[in-house]
Each structure stands twice: as C-alpha cells, then as structure tokens.
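If you're wondering where the values come from, they're calculated on a predicted model, not measured in any experiment. By convention here, the first residue in the shown sequence is residue 1. Counting starts at 1 for both ligands and their atoms, following the listed order.
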Amino acid sequence: MGLLALGTALDWPEAKKKADQVRRWGIEQLLATWNRAKGKERDALLWGDEVEYLVVSVDDEARKVRLSLAQVDILKSLARDEALWKAGGSVPGLKSTQEGEELPHFHPEFGRFMLEATPGKPWGIGFKDLLKVESNMRWRREIAKAHMAPNEYPITLTTFPRLGTRDDYISPYYLPSGPALRSQFVPDEIANPHIRFPTLAANIRARRGRKVEINVPIFKDKNTPEPFNDPTVDYNLHNWPEDDDVRRGAAKEGHVYMDAMAFGMGSCCLQITFQAKNMTEGRRLYDQLSPLGPIMLALTAATPIYKGFLVDTDVRWNQISRAVDCRTPEELGEVPLKNDRWRIPKSRYASNSTYISQDPRLRKEYLDPDLVVDEDLKKRLLEGGMDDLLATHFAHLFIRDPLVIFEEDLKELDLSKTDHFENLQSTNWQHMRFKPPPPEKDIGWRVEFRSMEIQITDFENAAFSIFIVLVTRAILSFDLNFYIPIQRTTENMETAHARNAVLDRKFYFRKDPFPHRVHTPSAGANTPPPSPPLGPVESEYELMTIADIINGSANGGFPGLIPLVESYLNSINIDIETRCSLARYLDVIRKRADGTLWTGARWIREFVMSHPEYKHDSVVSSEITYDLVQAVKEITEKEGKDGSAGWEMLRGKKD
Ligand code: GLU
Ligand code: MG
C-alpha cells in the first residue's frame with residue numbers, strides 16, 4: 001500500500017499548512033526522476049503479482065470465526081525466518097515445494113488482519129514462468145499459514161463478512177470508537193499500528209470535516225424489512241463530535257452504513273505490475289489496459305456482503321473509494337467554493353481520468369475536457385521539459401493534498417529521493433498506476449493494473465494474473481487499440497458494481513481493436529490496411545456484454561480478448577505442453593464470462609441463500625459466516641493437495 005517511512009507524523013491542521021511545500025518538492029523530485037530516467041531502456045518485460053489475504057481465527061468449539069489482529073507478530077516471524085533462510089538455515093514449516101525459487105515477500109496492509117504477498121523475484125517474460133505462478137501463490141499461502149497460530153488461516157475473501165458488527169468479530173476484541181477512526185463500529189486497533197495508517201485515516205476524516213460515509217444498497221430478500229434502516233447504527237453516541245454524522249443523515253435508508261477507512265481499505269485485491277521496455281511502451285500499456293479495468297472488476301466480482309448483510313452490489317470498488325474520500329463539502333459541490341480550489345468529481349481512489357500515451361490514435365475526444373489540474377504545477381513540469389500529456393496526468397494527481405507528512409522530511413529537498421512525489425502518487429489509488437523508475441534501483445518504467453478482486457482459490461488468482469499478462473503481450477504484439485472516451489470507462493466502473501453485472505450488464509467497448517495505417521503509404525504488402533476516415537467517436541464503440549468482450553461478439557463486431565490472446569499464442573513458438581497448461585487457465589476466464597463458471601460473488605451469495613440458518617432477511621449471521629469461511633478454507637486446502645479439485649467446488653454445484 002505504499003511506503004512506510006518513520007518519524008513524527010503531522011496532524012491535519014499542521015499537515016495542511018505544509019501541503020504546498022510537499023507538492024512542490026514532489027514535482028521537483030518527479031522532474032529529477034523524469035530527466036534521469038526518460039531514456040531508460042529495459043529489454044526484458046518483467047512482471048509481478050500482489051495477493052492480499054485476510055487472517056482469520058477459527059474457534060471450532062464455539063463455531064465462530066473472527067478476524068485475527070495478529071499481523072505484526074506474523075510479519076515479525078516471517079521476517080525472522082526470511083533472514084534465517086537467506087543465511088542458508090532451514091526454516092521450520094518451510095519445506096520448499098519450489099526448489100531453487102526465492103522466498104516470497106510479505107508486506108503489511110491497512111488492516112491489522114491483512115497480509116500481502118509477492119513473489120520472491122519478478123516473473124520474467126518466458127512462458128515457463130507463467131506456469132510457476134499458481135504453485136508459487138500456493139507456496140505463499142503455505143508459508144503464511146506456517147507463521148500463524150494453529151487455528152489461524154490466510155484466506156482470500158475480499159472482505160470479512162462480519163467486519164464492524166456488534167459481535168466480537170475480532171480477536172483480540174476491542175471496543176469501537178477510538179480517537180483516530182472515531183468509528184461507531186470498529187476500534188482504532190483494527191488498523192495497522194504503524195503511525196502512517198492511523199494518521200492516514202485520521203487526516204482523511206479531519207480534512208473532510210466528518211467521518212467517511214459508505215452506504216451500500218441492501219440486497220432485498222423476501223423477509224428484509226421495508227423500508228430497511230440499518231439496525232446496527234447507534235444514533236445516541238456522544239463520544240466524538242463526529243458521532244453527530246448519523247444524526248445529520250449520514251446513514252441512508254435502504255443501505256448498509258459504514259463509517260471508517262477499514263471498511264474499504266480492509267478489502268483484498270489482486271494487482272499486477274508490469275515493467276515496460278521503456279517509457280513509451282509503459283505509456284502505451286497504461287492507456288490500452290485502462291478500458292479493461294471495469295471489465296476485469298466485473299469478471300472478478302467477489303464482494304456481496306458487508307457488516308453482516310447481503311448487499312445489492314458485487315464488488316468492493318466504490319466502498320474503498322468512499323472509505324478514503326477526503327474531499328471537503330466545497331470540493332464535493334455541496335456548498336459554494338470559498339476556501340478550496342476546485343470542485344473535484346472523484347475520490348482519490350477511483351478510476352483513471354486521463355490518458356498518457358503519445359499515440360497518434362489517441363483522439364482528443366477521448367480525453368475529459370473538464371479534467372481538474374493544478375495549472376501552476378503543470379507549468380513547472382512543462383518548463384522542466386515534460387510533455388503536455390504526462391504533465392497533465394501528474395498535475396491532475398497533484399490536485400490532492402498529501403495526507404501523511406513526517407516533520408523530519410521537510411528540512412531539505414533531496415532530489416535523489418522520491419519521498420514527496422510518492423506521498424501524492426501512492427495516495428492516488430486509481431485503477432491504473434504509472435510508476436516512474438525508483439532511484440538507485442535497476443528498475444524501469446512500470447504500469448500497475450489494480451482493479452481486480454482477490455479470488456478464493458490460487459488457481460483463479462493465477463488464471464487472472466496470467467490472462468492479464470497475455471493480454472499485454474497481445475496488445476504489444478498486434479498493436480491493439482482499445483481507446484474509448486475516458487468518461488465511458490468511469491461509467492463502466494459504476495456498471496461493474498451491479499449484482500451479477502458480469503452476465504446481466506453491458507459495457508462500453510471499442511468495436512475495432514486493430515491498428516490501421518494512419519498515413520497514406522508508399523505501402524508494401526505487409527503494412528496494415530489504410531485507416532478509414534475518422535468518423536464520430538461515438539461510432540467507434542458500443543455497449544457489449546462481458547461475454548462479447550472476452551469471447552467475441554456473436555455478430556462478429558468485436559473479436560474477443562481470449563481469441564486475441566489465442567492468435568498471439570499461435571503466432572509464437574511455444575511447446576504443446578505449455579500451450580495446454582495455459583489453455584486451462586484461459587478456460588476459467590472464458591467460462592466466467594459466459595456464465596458457465598460463477599464469480600466469487602455469486603458463489604458466496606448462493607452459499608448464504610441456501611444455508612439452513614439463513615432467514616431470507618439479508619442477514620449473514622455469525623453461524624453462516626463460520627460455515628462460509630470453513631468452506632472457503634476447505635476449498636483452498638483441497639486445491640493445495642489435488643490440482644483443480646478445490647476449483648471444481650466453485651462451479652456452483654455443491655454436491
Ligand atoms: N486493498 C486495496 C484494494 O483492494 C488496494 C491497496 C493497495 O494498493 O495495495 O484495492
Ligand atoms: Mg496492497
């Protein structure tokens with residue numbers, strides 16, 4: 001989730017005073033990086049995946065499962081053993097299934113019940129590496145488990161179904177309502193204790209002038225009260241001024257109401273980062289992957305429960321967006337602008353708002369004419385030699401205030417570092433992230449794909465990682481063009497939230513992804529066909545189902561991402577065994593898109609709805625949660641032992 005520096009973190013009013021300085025220094029550090037690295041070439045495409053886990057503590061006697069707040073201890077013991085392993089020692093519980101592979105890395109995340117794991121070293125361009133991903137993910141889970149108490153398990157549900165209920169859903173238990181989050185549902189102890197995290201949450205709240213406000217529509221079942229008013233909301237608390245939020249209408253009728261960063265940033269996702277050959281290729285990948293963000297969000301949907309209720313949406317995205325939304329009433333457009341500089345249409349966690357590639361196919365109509373940018377900072381970037389598109393991108397990210405500022409870092413500007421730049425960059429959580437090379441490391445320009453939800457099994461997580469990697473290969477190899485107006489991607493992101501959007505909704509997508517010759521040529525036979533004269537932008541895209549986009553549309557309008565990936569695989573030389581193994585993963589994507597296989601959201605819903613304890617009142621009780629987690633645990637354990645067996649159980653037929 002970004003960098004962990006140490007020092008004295010400033011409270012909001014103090015941090016606000018230093019915001020301009022941090023932004024200006026951040027821009028200078030960015031320019032220094034840009035000038036140093038703009039010509040940087042890396043010949044090999046490397047990539048990496050990030051898997052986030054919840055740590056649960058299972059109490060079989062009480063038939064109860066709780067979130068375990070053991071993150072710090074688990075990470076400490078992992079670090080100890082990593083050191084031991086590196087020194088050549090044998091590590092208990094770590095008999096390697098991955099001879100010769102480097103030990104995976106484990107990282108902290110926002111929730112004190114979360115872990116993140118990445119491979120020990122980046123994956124290479126070779127196809128053999130693709131086939132190591134699944135077993136490596138499984139190995140990570142085994143290692144994580146080996147560093148937990150016997151009754152603790154790493155599971156990959158996006159959210160814990162009963163986070164924030166009035167129940168004792170955390171272990172150890174703490175009462176809610178601490179000074180940092182001021183939540184009426186979760187204690188401050190729910191967050192990673194590193195000073196960065198409580199400060200981040202507190203400063204978001206302070207900047208907003210009230211708590212974050214997350215209302216998710218309830219799933220209306222036959223016994224759900226109508227109208228539905230979240231029965232867990234306490235209207236009588238008077239611990240903090242923010243307790244007035246609910247008395248001022250923060251909790252909306254028909255919705256499950258949540259009031260803290262943990263309800264969003266306590267969710268788990270699957271992210272993939274690519275190192276491009278150079279900046280040009282990175283910018284191209286960034287733009288071309290952007291329209292895929294909402295599609296992959298809907299395809300990986302896995303989040304149907306919040307705070308003990310079934311909800312009417314399938315994904316985590318908007319909840320995280322609201323959980324870190326630091327905008328003031330002026331910026332939100334609720335009151336006239338007086339002290340703030342702009343109205344800002346999106347939270348700092350949101351879909352991307354601009355394109356950055358210097359691609360002749362990028363029509364100006366694809367860009368948002370109302371994009372908010374800090375003109376002064378943009379001017380400085382242009383003066384420093386950056387081109388307009390990239391300067392616009394960063395000047396847009398830099399409309400935000402830095403949220404966590406360490407006093408010690410404000411003494412002098414160090415252009416060999418990127419701390420101030422990263423301060424803004426890493427708290428702009430967009431669905432694509434463009435990452436300049438860090439100083440002093442042999443790393444190139446990178447692009448991160450961030451919208452996917454974590455999947456229950458490692459087989460699925462590997463399948464989605466591999467699919468995205470192959471899509472990037474096809475994009476670069478065939479010079480594919482997925483451009484649509486960026487506002488359509490914003491709309492698609494909303495569409496992806498609908499219950500069962502994967503099968504029931506349509507998304508804007510470009511019809512013709514193939515490159516066309518831009519100039520009339522003195523052409524040879526192998527040049528692409530000349531481009532048809534440009535028509536209105538609206539004629540370039542249409543509404544498609546996810547099945548159309550992934551598998552190809554029935555009317556032949558769009559070829560489909562899987563067929564494109566297959567053409568790419570046909571165009572290169574890979575052995576039949578590798579090809580068959582890859583086909584197994586691609587099959588998951590294909591079948592998810594056509595409904596043969598269920599999304600995690602659908603599987604979880606069906607599990608709850610067919611549970612004997614479920615009363616058709618939208619409530620996901622502690623008993624149901626215990627059985628759900630038990631089932632998830634069994635599926636992943638079984639998968640560990642026997643290839644696809646765990647995966648088979650997720651097809652929806654629970655016999
Ligand atoms: N867990 C967050 C999500 O689900 C992302 C945090 C990160 O950037 O690592 O999107
Ligand atoms: Mg993370």
Side-chain angles (χ1 to χ4, degrees), residues 1-4 48-55 67 71 75 104-119 137 140 144 154-160 163 190-192 194 196-197 200-201 204 212 214 216 258 260-273 293-294 296-306 313-325 346-352 397 400 403-404 422-435 446-456 461 464-465 468 493 496-497 600-601:
M1 216 188 110
L3 299 181
L4 297 183
D49 66 88
E50 292 165 53
V51 173
E52 294 173 343
Y53 307 84
L54 301 176
V55 183
L67 278 174
Q71 181 194 57
L75 283 170
H105 297 304
F106 289 86
H107 318 266
E109 252 300 338
F110 179 84
R112 199 182 291 196
F113 49 82
M114 292 169 84
L115 288 179
E116 181 183 292
T118 51
M137 285 178 173
R140 285 179 234 171
I155 60 164
T156 41
L157 286 175
T158 52
T159 49
F160 186 68
L163 172 68
I190 201 82
N192 184 322
H194 186 290
R196 175 184 148 83
F197 296 94
L200 192 52
I204 287 172
V212 293
I214 308 157
V216 198
M258 293 166 282
M261 183 163 167
F263 287 105
M265 280 298 179
S267 327
C268 301
C269 66
L270 172 67
Q271 294 165 334
I272 315 290
T273 300
M296 298 312 291
L297 178 63
L299 203 56
T300 55
T303 318
I305 305 174
Y306 277 99
T313 55
D314 267 4
V315 299
R316 77 195 192 291
W317 192 264
N318 279 346
Q319 283 67 260
I320 310 186
S321 178
R322 291 182 185 130
V324 293
D325 191 351
K346 288 181 185 175
S347 160
R348 45 204 304 161
Y349 185 109
S351 61
N352 292 63
L397 299 188
R400 311 285 171 175
L403 292 167
V404 183
E422 282 297 336
N423 191 334
L424 274 305
Q425 160 98 338
S426 71
T427 53
N428 266 281
W429 298 275
Q430 300 192 331
H431 81 278
M432 301 294 310
R433 191 178 276 164
F434 185 57
K435 298 170 144 184
R446 287 163 304 155
V447 169
E448 187 180 13
F449 189 76
R450 304 169 45 84
S451 65
M452 292 192 287
E453 308 231 309
I454 199 70
Q455 305 294 291
I456 292 174
N461 286 315
F464 281 99
S465 307
I468 290 293
M493 213 59 147
H497 284 70

J.: What is the distance from atom CG of Leu297 to atom CH2 of Trp317, rounded to the nearest 0.5 Å?
T.: 7.0 Å
J.: Touching ligand 1 at all, Glu109? Heavy atoms, strictly under 4.0 Å?
T.: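 The answer is yes, since Glu109 has a heavy atom less than 4.0 Å from ligand 1.
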J.: One residue to check: Glu453. Relative to ligand 1, which of side chain, backbone, both or neither has a non-hydrogen atom less than 4.0 Å away?
T.: neither
J.: Need the ligand 1 atom indices (1-based, order shown) with element for anything under 4.0 Å from a heavy-atom of Arg450.
T.: 8 (O)
J.: Hey, does Arg316 come in under 3.5 Å of ligand 1, counting only N/O atoms on both sides?
T.: yes
J.: Could you walk me through whether Thr427 and Leu200 pass the side-chain contact (heavy atoms from CB on, under 4.5 Å) test, one step at a time?
T.: CA-CA 9 Å; Thr427 53; Leu200 192 52; 4.3 Å; yes
J.: Could you point out which residue of Lys435, Met432, His431, Gln430 forms a side-chain contact (heavy atoms from CB on, under 4.5 Å) with Glu448?
T.: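 Output: one option passes, namely Lys435.
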J.: Mind checking salt bridge (charged side-chain N to carboxylate O under 4.0 Å, His left out) for Arg446 and listing every partner two or more places apart, or none if nothing turns up?
T.: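 Applying salt bridge (charged side-chain N to carboxylate O under 4.0 Å, His left out) to Arg446 gives none.
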J.: Please round to the nearest 0.5 Å and tell me the distance separating atom CZ of Phe197 and atom CE of Met261.
T.: 8.0 Å
J.: Do you know the tightest heavy-atom contact between Ser347 and Ser321?
T.: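 Between these two residues, the closest heavy atoms are OG-O, 2.8 Å.
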J.: Check each heavy atom of Ile320 against ligand 1 and say whether those closer than 4.0 Å belong to the side chain, the backbone, both or neither.
T.: side chain
J.: With a 4.5 Å cut-off on side-chain heavy atoms, are Glu109 and Cys268 touching?
T.: no
J.: Is it true that some N/O/S atom of Glu109, main chain or side chain, lies under 2.8 Å from the Mg ion (ligand 2)?
T.: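 Within the cut-off used here (under 2.8 Å), Glu109 does place an N, O or S atom near the Mg ion (ligand 2).
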J.: Under 4.0 Å from any heavy atom of Glu116, which atoms of ligand 1 are there?
T.: 9 (O)
J.: Run the contact test for Trp317 against ligand 1 with a 4.0 Å cut-off on heavy atoms, strictly below, and give the result.
T.: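 It does not; every heavy atom stays at 4.0 Å or beyond.
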J.: To the nearest 10 degrees, how large is the angle at the Mg ion (ligand 2) between Glu52 OE2 and Glu116 OE1?
T.: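 Answer comes to 110°, rounded to 10°.
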J.: Test your reading of the structure: does Tyr349 have an N or O sitting under 3.5 Å from an N or O of ligand 1?
T.: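 By distance alone, the answer is yes.
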